[in-house]
Visitor: 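Can you read through this structure? Questions will come right after.
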Amino acid sequence: MHTMPALPEVLDLIVVGAGHAGCEAASASARLGLATLLVTSNLDRIGHMSCNPAIGGLAKGHMVREIDALGGRMAQWADAAGIQFRQLNQSKGPAVRSTRAQIDRAAYMRVVQAELFAQPNLWIVQDMATDVLAEGGRAAGLRTRAGQTFRSRAVLLTTGTFLAGLMHIGLTHFPGGRLGDAPALGLSDSLRSHGFELGRLKTGTPPRLLKSSIDFSAMTPQHGDTPPTPFSFMSDGVPLPQADCHLTYTNAATHAAIRSGFDRSPLFSGVIQGTGARYCPSVEDKIARFPDKERHQIFIEPEGLDSPEVYPNGISTSLPLDIQKLLLTTITGLERAIIARPGYAIEYDFAPPTQLLPTLESKPLPGLFLAGQINGTSGYEEAAAQGLWAALNVYCALTGRPPFLPRRDQAYMAVLVDDLVTRGTMEPYRMFTSRAEYRLLLREGNADARLTPMGRELGLVDDARQARFAGKAKRLAELLAAFEAVRIRPDAPTRDILARIGATAPGKAISLAALLRQHQLTIESLVPFLPGIANEDPEVLREAETQIRYESYLTREAERVSHSRNLEDTPLPPDMAYALVSGLTREAVEKLTKTRPATLGQAGRISGITPAAVCCLEIALRKRARQDAQAQSTRDY
């Protein structure tokens with residue numbers, strides 16, 4: 001164990017909040033050598049999963065693998081605490097296949113806390129941030145409720161749902177950041193004093209139920225994959241025993257019970273002012289919005305191997321407690337379920353993210369970065385991705401490096417950040433594969449190829465990860481070359497093999513790669529022609545199969561990226577006077593002036609900015625370049 005020196009008088013980075021964004025950011029910052037302070041309101045809750053005990057899912061699993069590829073930690077923490085792993089969308093194309101894992105909540109916190117408390121360059125204190133300090137127009141530190149003052153070169157807020165958090169159970173409401181934890185009071189006023197606009201969002205959770213009160217025999221078991229496929233490129237397996245989930249449904253009686261509480265619902269009575277998540281609504285919202293739907297799924301998810309509680313995913317609610325109890329009595333398997341913790345909604349402050357630069361540094365107060373739900377997102381994975389993104393950009397800024405800004409064709413996390421800072425959001429943002437226009441290039445299996453070189457250049461990818469990455473890349477290249485080099489001819493022995501594996505015999509000699517493009521074949525079925533693949537890493541085989549089978553699609557996607565690259569590589573000056581650009585509408589001027597896009601590509605993604613407006617900007621840039629050249633020529637003369 002390392003001996004922690006005294007806290008520096010001036011830190012490099014202060015991270016506020018120890019949820020998924022804060023933990024990822026603090027870990028990365030400290031491992032990159034920055035003197036980092038993590039401030040949290042409760043040391044015991046570091047790494048706590050406030051909502052469902054799961055990591056990953058559609059598009060979210062992609063981001064977990066991207067975090068891992070860069071040298072981040074969420075994937076390895078999830079693998080260490082995972083108790084069920086499933087590959088979703090296996091019957092669909094490779095772009096939308098995603099990993100999801102049920103997590104032992106207590107084990108996850110133990111893993112995260114053990115690592116962070118042992119991390120050199122990282123100090124952790126329990127206190128509540130109340131004020132962001134500024135000097136010379138820049139963030140310069142933090143003041144806390146206990147009266148402590150910490151100085152730093154940068155500050156990162158990852159406050160989750162704690163900013164002026166207000167909890168609702170029926171018409172009863174009380175302050176809280178989550179059940180059992182106090183809200184962050186004062187910090188919202190501090191942000192407003194620095195020129196930030198704040199909004200209000202809402203999220204919620206279902207009641208937690210005692211496992212011993214549930215009749216699992218009346219439900220449909222859901223098994224994980226065997227063997228489980230871990231998240232991390234560095235994991236060779238998972239250490240914990242695996243567990244089942246169970247599936248049940250709401251019904252007409254459930255819906256009637258829920259409707260009986262509408263008059264006391266804070267959601268429908270106007271008590272809740274914040275905007276809720278469109279894609280993860282409460283059960284009462286689902287019943288109101290889809291009155292003709294006869295039933296809704298409920299996944300009973302274990303909170304842990306030894307936990308007495310389960311999480312009924314699908315019945316998030318802020319209805320009164322008596323209605324929560326009533327609706328459970330109508331659901332198969334939950335008729336005698338005992339509520340250990342009530343479901344609730346929580347409202348909290350957030351900062352509309354168009355106030356941020358693409359680095360996640362704030363525009364109103366340079367040196368202050370924001371990540372996670374404070375930016376309007378929902379989900380652990382979106383938060384962790386932002387935390388890592390912000391930490392890497394703090395490191396780049398403090399060490400004089402170019403900013404860390406992958407493009408939309410390079411990472412889902414880049415799609416996430418670009419959507420936030422360019423388009424903004426007024427409701428909790430959730431990542432979907434459909435948000436990525438280049439999703440065939442952004443597969444889980446090639447996250448390391450896309451991002452590990454970036455992580456290595458920054459110093460976050462260690463030698464062990466780099467060696468494993470290089471080894472995989474070498475084997476993949478050799479395998480792809482072999483599939484192109486080995487050719488089969490439609491002679492009698494070959495036809496016999498093709499018949500056994502269910503392949504159609506070609507009319508002429510073809511490569512193994514061409515044969516693999518027959519939709520009914522898998523790469524493993526071609527072992528008779530290339531015996532060496534029988535012992536190859538399944539992950540290498542999957543990636544080779546994808547690249548071979550979808551070669552023409554991948555080529556077209558890459559061409560689309562190339563065509564759009566010119567716009568992405570054309571910077572817009574930060575001082576551009578949009579009101580003076582000929583041809584722009586008043587709406588375009590207002591939106592461009594507010595957002596201050598960094599490039600022409602980013603400008604084109606702002607809602608309401610038409611292709612014609614982008615053309616006007618291009619003409620203005622060329623005119624400005626000519627004027628600058630003439631001015632330089634005059635000075636030289």
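The shown structure was predicted, so the numbers you read here are calculated from the model rather than taken from an experiment.
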Visitor: I need the I67 CD1 to H20 NE2 distance, nearest 0.5 Å.
Guide: 10.5 Å
Visitor: Which atom pair, heavy atoms only, marks the closest approach of A69 to V461?
Guide: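 Minimum heavy-atom separation between A69 and V461: O-CG2, 3.8 Å.
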Visitor: I want to check something: taking the side chain as every heavy atom from C-beta on, are P302 and P53 in contact at a cut-off of under 4.5 Å?
Guide: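 The answer is no, as the side chains (C-beta and beyond) never meet within the 4.5 Å cut-off.
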Visitor: Could you tell me which non-hydrogen atom of M74 sits nearest to which non-hydrogen atom of A384, and how far apart they are?
Guide: CE-CB, 3.7 Å
Visitor: Using side-chain heavy atoms (C-beta onward) and a distance below 4.5 Å, is R430 in contact with T377?
Guide: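 No, too far: nothing below the 4.5 Å cut-off.
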Visitor: Do the charged groups of R73 and E115 touch, with an N to O distance under 4.0 Å?
Guide: yes
Visitor: In terms of heavy-atom contacts, does CG of D491 have more than 12 from other residues, nucleotides or ligands at under 6.0 Å?
Guide: yes
Visitor: Counting heavy atoms not belonging to R565, are there more than 12 under 6.0 Å from its CZ?
Guide: yes
Visitor: If you apply the rule side-chain contact (heavy atoms from CB on, under 4.5 Å), what do you find for T158 with E24, and how did you get there?
Guide: CA-CA 10 Å; T158 67; E24 201 67 65; over 6 Å; no
Visitor: Could you tell me whether the side chain of F529 reaches within less than 4.5 Å of the side chain of L498, counting heavy atoms only?
Guide: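 Yes, close enough: below the 4.5 Å cut-off.
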Visitor: How many angstroms lie between CG in L541 and CD in E536, if you round to the nearest 0.5 Å?
Guide: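 Between L541 CG and E536 CD, I get 5.5 Å after rounding to 0.5 Å.
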Visitor: Quick one: pull up CE in M109 and CG in D104 and give me the separation to the nearest 0.5 Å.
Guide: 9.5 Å
Visitor: Quick one: do the E284 and T317 side chains pair a donor with an acceptor below 3.5 Å?
Guide: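 Result is yes, a qualifying pair exists.
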Visitor: Are any of the side-chain heavy atoms of E382 and K60 separated by less than 4.5 Å?
Guide: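 Side chain of E382 against side chain of K60, heavy atoms only: contact under 4.5 Å found.
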Visitor: Run the side-chain donor-acceptor check on residues 214-221: report pairs under 3.5 Å with partners two or more places apart or on a different chain.
Guide:
from: D215; atom 1: OD1; to: S217; atom 2: N; distance (Å): 3.2
from: D215; atom 1: OD1; to: S217; atom 2: OG; distance (Å): 2.5

Visitor: Between E545 and R542, is the salt bridge (charged side-chain N to carboxylate O under 4.0 Å, His left out) condition met? List the steps.
Guide: CA-CA 5 Å; E545 184 176 47; R542 290 283 76 76; 3.0 Å; yes
Visitor: Please test Q547 against R549 for side-chain hydrogen bond (donor to acceptor under 3.5 Å, both in side chains), starting from the C-alpha separation and ending with a verdict.
Guide: CA-CA 6 Å; Q547 290 193 28; R549 193 184 296 278; over 6 Å; no
Visitor: Just checking R489: does its CZ atom have more than 12 heavy atoms from other residues, nucleotides or ligands closer to it than 6.0 angstrom?
Guide: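 It does not: R489 CZ has 12 such atoms or fewer within range.
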Visitor: About how many Å separate CG of D68 and CZ of F231, when rounded to the nearest 0.5 Å?
Guide: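 Going from the CZ atom of F231 to the CG atom of D68 covers 10.0 Å.
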Visitor: Could you tell me whether the side chains of Q87 and S98 share a donor-acceptor contact shorter than 3.5 Å?
Guide: no
Visitor: Can you tell me if R495 uses its side chain to pair, donor with acceptor, with the backbone of P490 under 3.5 Å?
Guide: yes
Visitor: For a quick check under 3.5 Å, do S27 and R31 share a side-chain donor-acceptor pair by atom type?
Guide: yes
Visitor: Would you please test V417 and L360 for side-chain contact (heavy atoms from CB on, under 4.5 Å) and show each step?
Guide: CA-CA 8 Å; V417 171; L360 296 184; 4.0 Å; yes
Visitor: Which is it for N446 and E543 under the side-chain hydrogen bond (donor to acceptor under 3.5 Å, both in side chains) test, yes or no, and what are the steps along the way?
Guide: CA-CA 7 Å; N446 73 343; E543 184 57 25; 4.7 Å; no
Visitor: So if I apply the salt bridge (charged side-chain N to carboxylate O under 4.0 Å, His left out) rule between E539 and each of R65, R475, R443, which one comes out positive?
Guide: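 Single salt bridge (charged side-chain N to carboxylate O under 4.0 Å, His left out) partner of E539 among R65, R475, R443: R65.
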Visitor: Can you list every pair that meets salt bridge (charged side-chain N to carboxylate O under 4.0 Å, His left out) and has a residue in residues 410-420, with sequence neighbours left out?
Guide: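 Sorted result for residues 410-420: R408-D418, R408-D419, D418-R605, D419-R423.
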Visitor: Using side-chain heavy atoms (C-beta onward) and a distance below 4.5 Å, is L416 in contact with Y429?
Guide: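 Answer yes - side chains close enough.
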Visitor: Using a cut-off of 6.0 Å, state whether more than 12 heavy atoms not belonging to E294 lie near its atom CD.
Guide: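 No - once you tally the heavy atoms of other residues, nucleotides and ligands closer than 6.0 Å, there are 12 at most.
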Visitor: A side-chain contact here means heavy atoms from C-beta on lying under 4.5 Å apart; do L458 and L70 qualify?
Guide: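 Not in contact.
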Visitor: Output yes when K211 and E309 qualify as a salt bridge under the 4.0 Å nitrogen-oxygen rule, no when they do not.
Guide: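 No salt bridge links K211 with E309.
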Visitor: Can you name the closest pair of heavy atoms from I315 and P207 and give their distance?
Guide: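 Nearest pair, atom of I315 first, then P207: O-CD, 3.8 Å.
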Visitor: So, taking the atom named CD in E557 and the one named OH in Y550, what distance separates them when rounded to the nearest 0.5 Å?
Guide: 13.0 Å
Visitor: Answer yes if the side chains of D285 and S282 hold a donor-acceptor pair under 3.5 Å, and no otherwise.
Guide: no
Visitor: Would a 4.5 Å heavy-atom cut-off, applied to side chains only, mark Q410 and M454 as touching?
Guide: yes
Visitor: So, is the end of the R435 side chain (NZ or CZ) under 6.0 Å from the ring centre of F432 and within 45° of the ring's axis?
Guide: no
Visitor: Got more than 12 heavy atoms from elsewhere within 6.0 Å of CZ, R336?
Guide: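 Counting neighbours around CZ of R336, 12 or fewer heavy atoms of other residues, nucleotides or ligands fall under 6.0 Å, so no.
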Visitor: Locate the shortest heavy-atom distance separating S525 from T522; write the atom from each residue and the value.
Guide: OG-O, 2.5 Å
Visitor: Show your working on side-chain hydrogen bond (donor to acceptor under 3.5 Å, both in side chains) between D79 and S232 and close with a plain yes or no.
Guide: CA-CA 7 Å; D79 289 346; S232 177; 4.6 Å; no
Visitor: Would I510 and I488 count as a side-chain contact (heavy atoms from CB on, under 4.5 Å) here? Give the steps.
Guide: CA-CA 6 Å; I510 61 171; I488 61 169; 4.0 Å; yes
Visitor: Quick one: sort the H255 and H296 rings into parallel, tilted or perpendicular, breaks at 30° and 60°.
Guide: tilted
Visitor: Between R407 and Y438, is NZ or CZ placed under 6.0 angstrom from the six-membered ring centre and within 45° of the ring axis?
Guide: no
Visitor: Counting heavy atoms not belonging to E478, are there more than 12 under 6.0 Å from its CD?
Guide: yes
Visitor: Counting C-beta onward and ignoring hydrogens, is there a side-chain heavy-atom pair between Y249 and I331 closer than 4.5 Å?
Guide: no
Visitor: Would you give the length of the straight line joining atom CG of L88 to atom CG of D225, rounded to the nearest 0.5 angstrom?
Guide: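 Atom-to-atom, L88:CG and D225:CG are 8.5 Å apart.
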Visitor: Mind telling me whether Y412 and H62 have parallel, tilted or perpendicular rings, with 30° and 60° as the class edges?
Guide: tilted
Visitor: Side chains of Q102 and R100: is there a donor and an acceptor less than 3.5 Å apart?
Guide: yes
Visitor: Salt bridge or not for R468 and D463, using N-O below 4.0 Å?
Guide: no
Visitor: Say whether, by atom type as modelled, one donor and one acceptor occur between the side chain of E66 and the main chain of A385 under 3.5 angstrom.
Guide: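 Looks like no, no N/O pair under 3.5 Å.
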Visitor: Check each of L526, L530, L515 against V486 using the side-chain contact (heavy atoms from CB on, under 4.5 Å) test, and report the only one that passes.
Guide: L530
Visitor: The test is salt bridge (charged side-chain N to carboxylate O under 4.0 Å, His left out); show your working for D448 and K472 and say whether it passes.
Guide: CA-CA 10 Å; D448 56 344; K472 176 189 170 183; 3.1 Å; yes
Visitor: List the steps, then state whether side-chain contact (heavy atoms from CB on, under 4.5 Å) holds for L58 with N89.
Guide: CA-CA 8 Å; L58 302 181; N89 279 348; 3.4 Å; yes
Visitor: Taking all atoms of both residues into account, what is the closest heavy-atom pair of A436 and V415, and its distance?
Guide: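 That would be CB-CG2, 4.1 Å.
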Visitor: At their closest point, which heavy atom of L420 faces which heavy atom of T425, and how far apart are they?
Guide: CD2-CG2, 4.1 Å
